[in-house]
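For reference, positions follow the sequence shown, starting with 1. We count ligands from 1, going down the list as the structure has it; atoms in each ligand are counted the same way.
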Amino acid sequence: MIKVAINGYGTIGKRVADAVAAQPDMEVVGVSKTRPSGEAYIANERGYPLYIADIEKKPVFEQAGIAVAGDVEEMLKKCDIVVDATPGGVGKANKAIYELFNVKAIWQGGEKHEVAGISFNSSCNYEDAYGADFVRVVSCNTTGLCRIIHLADEAYGVKSVFSTMVRRGSDPGGIKKGPVDAIVLNPVTIPSHHGPDVNTVLPTIDIVTTAMIVPTTFMHMHVIRMELAREASRDGVLDLIRKHPRIGIVKGASGITSTAELRELASDMNRPRGDLWESCVYEDSVSVGTNNELYLFQAIHQEADVVVENVDAIRAMMKAADTAEESIKMTNEALGFSAI
Ligand SMILES: NC(=O)C1=CN([C@@H]2O[C@H](COP(=O)(O)OP(=O)(O)OC[C@H]3O[C@@H](n4cnc5c(N)ncnc54)[C@H](O)[C@@H]3O)[C@@H](O)[C@H]2O)C=CC1
Ligand SMILES: O=C(OP(=O)(O)O)[C@H](O)COP(=O)(O)O
């Protein structure tokens, strides 16, 4: 069994913990928090040993009725690999301690590529992470872009990409972020970080991205245009998407034209936390122009799509599955996940 620790049990960390716990070849040996919270009670309830960043706060946790197993250093002694899901920018400072305790580490998209030197998406570059000590799973939007661009590139060759990300303002549980009543160009400069970030996984893709934030909490929406090198058809593209284990199709016949209806669908499917681990391509949006330009809309559940990628990154780094296909299949099956 691969012993996995999760440093930072928040939006991403708690989901990664549950996904790891569901895998037949992995176990959660600990999760960490900085202060008592609803999530800390749940960690106790699920039987994940709870470690804390600052051991001096142990009495505060215990007074709140939350059992503490030790500090983060204790947790690192028990694991083979740590998933760092601390807030963006915090994780890089943890590298020294991971090196000290000789554990492999995975960071999230809020950190820069340089922290690990390998940026990861299982459908694109599983082999780059095979046996590696340090890997970064790219951000939720970048994950969604990488999946679809790589698929199109393998089949048709991608000459260039232009995409606009309409980003959610805050996660549903967030109370500190906005906007409440604005469309914020974020960033106002072009390109946004997503294009260069795609190039950390797919270095040869010619891509420009723009991004804005809107007052919604569930999912980002991508508007994508790709110029293809070889002749493509709408049906051909839809067939490829149907076969992809991490890209789903929002059927035109379902009448779903929004993120809100997708949230309802995920809940009705009894997905844990209503999570959509797959990118959700709107069938009726998929169009091919006369010069082989591919157009589509896809929705990305920001809290979920990177979770399955973290599980595959663990397997690649631990050499527990030789190919991406093998790992993706194991991950999806353990979660009872097949793309919509
Ligand atoms: N929320 C999202 O939509 C997505 C986030 N990401 C990335 O995932 C990473 C984590 O983001 P979230 O889960 O949203 O953050 P979050 O704020 O929900 O959770 C972070 C957790 O880390 C804990 N923490 C803070 N400092 C710590 C420390 N020094 N040691 C141990 N734990 C500490 C906090 O208590 C909290 O539980 C970031 O790099 C972010 O950019 C990636 C994809 C999507
Ligand atoms: O990785 C994300 O977005 P990104 O791909 O736009 O960087 C997550 O939605 C976190 O974004 P946030 O930095 O607005 O919390």
Side-chain angles (χ1 to χ4, degrees), residues 5-17 30-40 42-43 48 50-55 57 61 71-73 75-76 82-95 97-98 106-113 115-116 119-121 136-146 163-179 184 186-187 191-198 200-201 209-214 216-222 273 275-277 279 299-310:
I6 289 102
N7 195 18
Y9 189 71
T11 306
I12 300 299
K14 65 187 179 184
R15 288 174 165 82
V16 171
V31 302
S32 80
K33 283 225 63 84
T34 45
R35 63 183 75 87
S37 67
E39 284 152 349
I42 299 294
Y48 304 144
L50 181 72
Y51 295 84
I52 56 177
D54 177 3
I55 201 64
K57 296 218 176 108
F61 278 83
D71 62 12
V72 168
E73 296 194 1
M75 178 174 81
L76 294 177
V82 58
V83 177
D84 188 305
T86 56
V90 172
K92 66 174 183 294
N94 294 329
K95 186 169 183 179
I97 190 174
Y98 301 152
I106 298 173
W107 285 270
Q108 309 305 309
E111 306 302 325
K112 293 202 170 8
H113 169 76
V115 70
S119 288
F120 179 82
N121 176 264
R136 162 186 175 256
V137 170
V138 288
S139 78
C140 48
N141 280 312
T142 308
T143 293
L145 287 171
C146 285
S163 178
T164 294
M165 260 58 63
V166 182
R167 303 158 82 189
R168 62 89 179 99
S170 165
D171 290 332
I175 56 169
K176 292 185 184 158
K177 282 180 160 182
V184 182
N186 184 281
S192 65
H193 79 81
H194 307 92
D197 221 12
V198 165
T200 64
V201 177
T209 52
T210 60
M212 64 190 78
I213 301 183
V214 298
T216 186
T217 62
F218 186 78
M219 305 190 91
H220 305 294
M221 185 69 77
H222 296 180
R273 300 186 176 92
D275 280 354
L276 287 160
W277 297 295
S279 311
I300 300 295
H301 184 187
Q302 78 280 357
E303 299 164 289
D305 70 336
V306 297
V307 171
V308 285
E309 304 295 338
N310 273 274

What is the nearest protein non-hydrogen atom to atom 25 (C) of ligand 1, stated with its residue, atom name and distance? Pro87 CD, 3.3 Å
Give the numbers and elements of all ligand 1 atoms closer than 4.0 Å to a heavy atom of Cys140. 43 (C), 44 (C)
Would you kindly say whether Thr209 and Ser192 are connected by a side-chain donor-acceptor distance under 3.5 Å? yes
For Arg167, counting its heavy atoms only, list the atoms of ligand 2 lying under 4.0 Å from any of them. 4 (P), 6 (O), 7 (O)
Can a salt bridge be assigned to the pair Glu111 and Lys92 using a cut-off of 4.0 Å between side-chain N and carboxylate O? no
Distance to 0.1 Å, residue and atom name: give those for the protein heavy atom nearest to atom 19 (O) of ligand 1. Gly10 CA, 3.3 Å
Under 3.5 Å: N/O of Gln302 near N/O of ligand 2: no
for atom 6 (N) of ligand 1, nearest protein heavy atom and its distance come out as Ile12 CG1, 3.9 Å
Regarding atom 38 (C) of ligand 1: of the candidates Gly109, Ser139, Gly88, Ala304, which has the closest heavy atom? Gly88
We want to know whether Asp171 and Gln302 form a side-chain donor-acceptor pair, criterion being a heavy-atom distance below 3.5 angstrom. yes
Identify, for atom 27 (C) of ligand 1, the protein heavy atom at the shortest distance, and state residue, atom and that distance. Thr34 CG2, 3.4 Å
Please list, in number order, the atoms of ligand 2 under 4.0 Å from a heavy atom of Cys140. 1 (O), 2 (C), 3 (O), 5 (O), 8 (C), 9 (O)
Looking at atom 18 (O) of ligand 1, what's its closest protein heavy atom, distance included? Thr11 OG1, 2.9 Å
Honestly, for Met165 the part within reach of ligand 2 (heavy atoms, under 4.0 Å) is neither
What part of Lys33 sits under 4.0 Å from ligand 1 if we count only heavy atoms: the side chain, the backbone, both or neither? side chain
Under 3.5 Å, is there a donor-acceptor pair linking the side chains of Thr86 and Asp84? yes
Does either side chain, that of Ser170 or that of Thr217, offer a donor lying less than 3.5 Å from an acceptor on the other one? no
Taking atom types as modelled, find out whether Ser119 and His113 have a side-chain donor-acceptor pair closer than 3.5 angstrom. yes
Note: Arg168, heavy atoms under 4.0 Å from ligand 1, region reported as side chain
Are Asp54 and Lys33 close enough for a salt bridge, meaning some N to O gap below 4.0 Å? no
Give the atoms of ligand 1, by number and element, whose distance to some non-hydrogen atom of Asn7 is under 4.0 Å. 30 (N), 31 (C)
Would you mind checking which non-hydrogen protein atom is closest to atom 9 (C) of ligand 1, with the distance to 0.1 Å? Thr86 O, 3.5 Å
Quick one: look at Asp171 and ligand 1, take heavy-atom pairs under 4.0 Å, and tell me if it's side chain, backbone, both or neither. side chain
Proximal ligand 2 atoms for Asn141, defined as those under 4.0 Å from one of its heavy atoms: 3 (O), 4 (P), 5 (O), 6 (O)
Find out whether Ile42 and Lys14 are in side-chain contact, i.e. whether some heavy atom of one side chain is under 4.5 Å from a heavy atom of the other. no
Within 4.0 Å of some non-hydrogen atom of Ser32, the atoms of ligand 1 are 31 (C), 32 (N)
Numbering as shown, the atoms of ligand 2 that approach Ser139 to under 4.0 Å (heavy-atom distance): 1 (O), 4 (P), 5 (O), 7 (O)
Would you call Glu303 and Arg15 a salt bridge, using N to O less than 4.0 angstrom? yes
Should the pair Trp107 and Tyr98 be assigned to parallel (<30°), tilted (30 to 60°) or perpendicular (>60°) ring geometry? tilted
Near Gly8, which atoms of ligand 1 are under 4.0 Å from a heavy atom of that residue? 21 (C), 22 (O), 23 (C), 32 (N)
Which atoms of ligand 2 are found less than 4.0 Å from any heavy atom of His193? 4 (P), 6 (O), 7 (O)
What is the closest protein heavy atom to atom 7 (C) of ligand 1, and at what distance does it sit? Gln108 CB, 3.7 Å
Ranked by distance from atom 29 (N) of ligand 1, the top protein heavy atom is Val90 CG1, 3.9 Å
Considering only heavy atoms, does Trp107 approach ligand 1 within less than 4.0 Å through its side chain, its backbone, both, or neither? neither
Should the proximity of Ala85 to ligand 1, defined as any heavy atom under 4.0 Å, be assigned to the side chain, the backbone, both, or neither? backbone
